Colleague: 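The following block contains the structure, expressed as structure tokens.
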Amino acid sequence: MVPSDEKDNTPESLKALPTDERISPINRLQDTWKHSIERPEEFWEREARQLHWFRSWDTVLDWEDHHATWFKGGTLNASYNCLDRHLDTPVRNKVAFFWEGEPGDKRVYTYQQLYKEVNKFANILKLRGIQKGDAVALYMPMIPELPIAMLACSRIGAPFTQVYSGFSRESLAERMRHLEAKVLVTSDGLWRRGKIVDLKGIADSAVGSCPSIQSVIVVKRTGHDVDMEAGRDLWYHEELASVDSGHVEPAQMKSENILYVLYTSGTTAKPKGVQVSTGGYLTFVTSTLKWSFDVDERDVWWCAADIGWVTGHSYIVFGPLIHGLSSVMYEGAPEYPDPGRVWRMIEDYSVTKFYTSPTLIRHLMKFGDDFPNQYDLSSLSILGTVGEPINPDVWRWYYRVIGKERCPVSDTYWQTETGGFMIAPAPGIELQPLKPGSACHPLPGIDPLIVDEDGQPVEDGVKGYLTIRKPWPGMLMTLYKDDARYQEYYWDRYPGAGQDLFYTGDYAVRDRDGYYWLLGRSDDVLKVTGHRLGTIELEDCLVSHPAVVEAAVVGKKDEIKGEVPVCFVVLKVGHERSQELIDELKQHIRNTIGPIASPSDIYFVPNMPKTRSGKIMRRVIKSLTDGESVGDLTTLEDPDAVNEIIKVVYPKK
Ligand code: PRX
């Protein structure tokens, strides 16, 4: 497989792309896709049969009021599908996880060992009073106890939420309160760039404002001193020593029961609790991992994401374990102790399929070719990316220097809300010509439509809003405790469209060969190092500072991080601009949201550019920070506000 066209890769040039004769109208991929769209229930039913069901379903899909119930009447258990079903097969003694800590310590778990650990943890949770339906919060680093805890929760039917370990006390507390979690599982700390991050300290300050939390289970990772509150906090290793280690009967979950809730950023200050089903979601991750990475029992899979994000849920934990794969899992920073770490690990574990973000590739690419060239990367057969558009140059570097022009690059487009890959190459069905920077075609069962403002289809080559026409099993069930927001954001956007269209919040264009190109978010959501951040979350946080009266946040293009937040702030009377105040505001953001939200710049301005009705014109501010033309300014109330922004952003001009 080769990239089909090395030159025509920018969206502007799409119209000029020649029709590629290699894409025959009757190839296998198109046939599979067409069949799946014409007979979705037949298609998804076949996919669902890859799982073990305690009871089969009565109906494949119930679709009512934008709520999908997949495989109604069916019962199953996620941890059973990931572990127990392998125990009377050769997978039993196969490695499930090769884990490396940042300092270089290593652990290996076979499927049998993982099964035992999960049962022990499930016993601990039961002892702490957790029953089917009770919620558990996880605030864990990338250590084996994280997947163990997730599987233990799913074993006893406890919905869980994993809160990314880079999030702040406030973010953790807000999520635990919203979910009404009864138990929090965390660790004393984690290793990052050779230093200890005191996770337990952050967790302690969050738990204080979460009355629902009854116990905190603490995994010893770093061994530094932490406070343990008597009666509430328990060391995991002490619990393990005292608990019954026997088999815990996996709960028979209805297909539509919640597996997890994962909070993600949206267009308001409050994060959205994406609620995920058991049967539909597991079917979808199993199906998509096979299509996009053609996985089989010989693979050593490395999804180099953090389990705090959906990528880790779907493609470090559930998908690979259901397929019985051996996975690599890594705790720390990719360039620690040197920028060859990732490439060395690929050599050491003979990784066959490597899946990561464009940000990580850009980051490692800047250290040059010498680091990857020192290692034997010949085990690799497929590479993947996710989370943000990949620049064609970066795609080519990945393809040439890492994949040695042998490995197809699966650029997978999807979201927390979709549960798994939506648009991506499908080497599991057929090798297609690739185009650097394009996520290629929709996977079987996925029916995208690019539309204009009114929900009407646009022609090929024209940029529009990406929507999805048919329900698919991995889709979110709703937003936890907020169905109104679910309906409004995802489904009510195009009342005149004449059909149900799921709004993704992304711009896209389809070229004449039917390839999809993702062109970034169309709403107020940023992708910073592939992580999702709402501009409104940042604005809300800034305005909560006593010196700030008004704030506007936009994303600025960044070579490594993709995008970085840039903040414009109007100060309250009596507060002066100063470097100290900038530092204080940055710290305020780190404390409230987390270090990932740290802005690159904070500018003080006397006024915001606003429409006459008082709406801040972020479009204008964004164009100014990107150095682009600001377009039509006739609706501005005070055109001088634009000059003020130019003055602060470009002080020498
Ligand atoms: O804007 C799209 C971008 O990431 C968003 C989803 O972010 P999140 O829910 O955090 O999930 C990230 C991991 C699945 C999308 O709305 N995105 C994701 N994959 C791609 C992408 N943009 C371009 N190309 C991709 N392959």
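Numbering starts at 1 and runs along the sequence shown. Order of listing sets the numbers, starting from 1, for every ligand and every atom in it. Note that this is a predicted model, so its numbers are computed, not measured.
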Colleague: Find out whether His67 and Tyr486 are in side-chain contact, i.e. whether some heavy atom of one side chain is under 4.5 Å from a heavy atom of the other.
Modeller: yes
Colleague: Please determine if Arg493 forms a cation-pi arrangement with Tyr489, meaning its NZ or CZ atom is less than 6.0 Å from the six-membered ring centre and no more than 45° off the ring axis.
Modeller: yes
Colleague: Taking the cut-offs as 6.0 angstrom to the six-membered ring centre and 45 degrees off its axis, would you call Lys435 and Tyr515 a cation-pi pair?
Modeller: yes
Colleague: Which parts of the protein, at residue level, reach under 4.0 Å of ligand 1 through a heavy atom?
Modeller: Val310, Thr311, Val386, Gly387, Glu388, Pro389, Asp411, Thr412, Tyr413, Trp414, Gln415, Thr416, Asp506, Leu518, Arg521, Lys527, Arg532
Colleague: Without placing hydrogens or testing angles, list every side-chain donor-acceptor pair under 3.5 Å for residues 589-597, not counting sequence neighbours.
Modeller:
| unit_1 | atom_1 | unit_2 | atom_2 | d |
| --- | --- | --- | --- | --- |
| Arg590 | NH1 | Ser598 | OG | 3.1 |
| Asn591 | OD1 | Gln587 | NE2 | 3.1 |
| Thr592 | OG1 | His588 | O | 2.6 |

Colleague: Which residues satisfy the side chain to side chain donor-acceptor pair (under 3.5 Å) test with Glu174, sequence neighbours excluded?
Modeller: Lys270
Colleague: Quick one: list whatever passes side chain to side chain donor-acceptor pair (under 3.5 Å) with Glu335, sequence neighbours left out.
Modeller: Arg193, His363
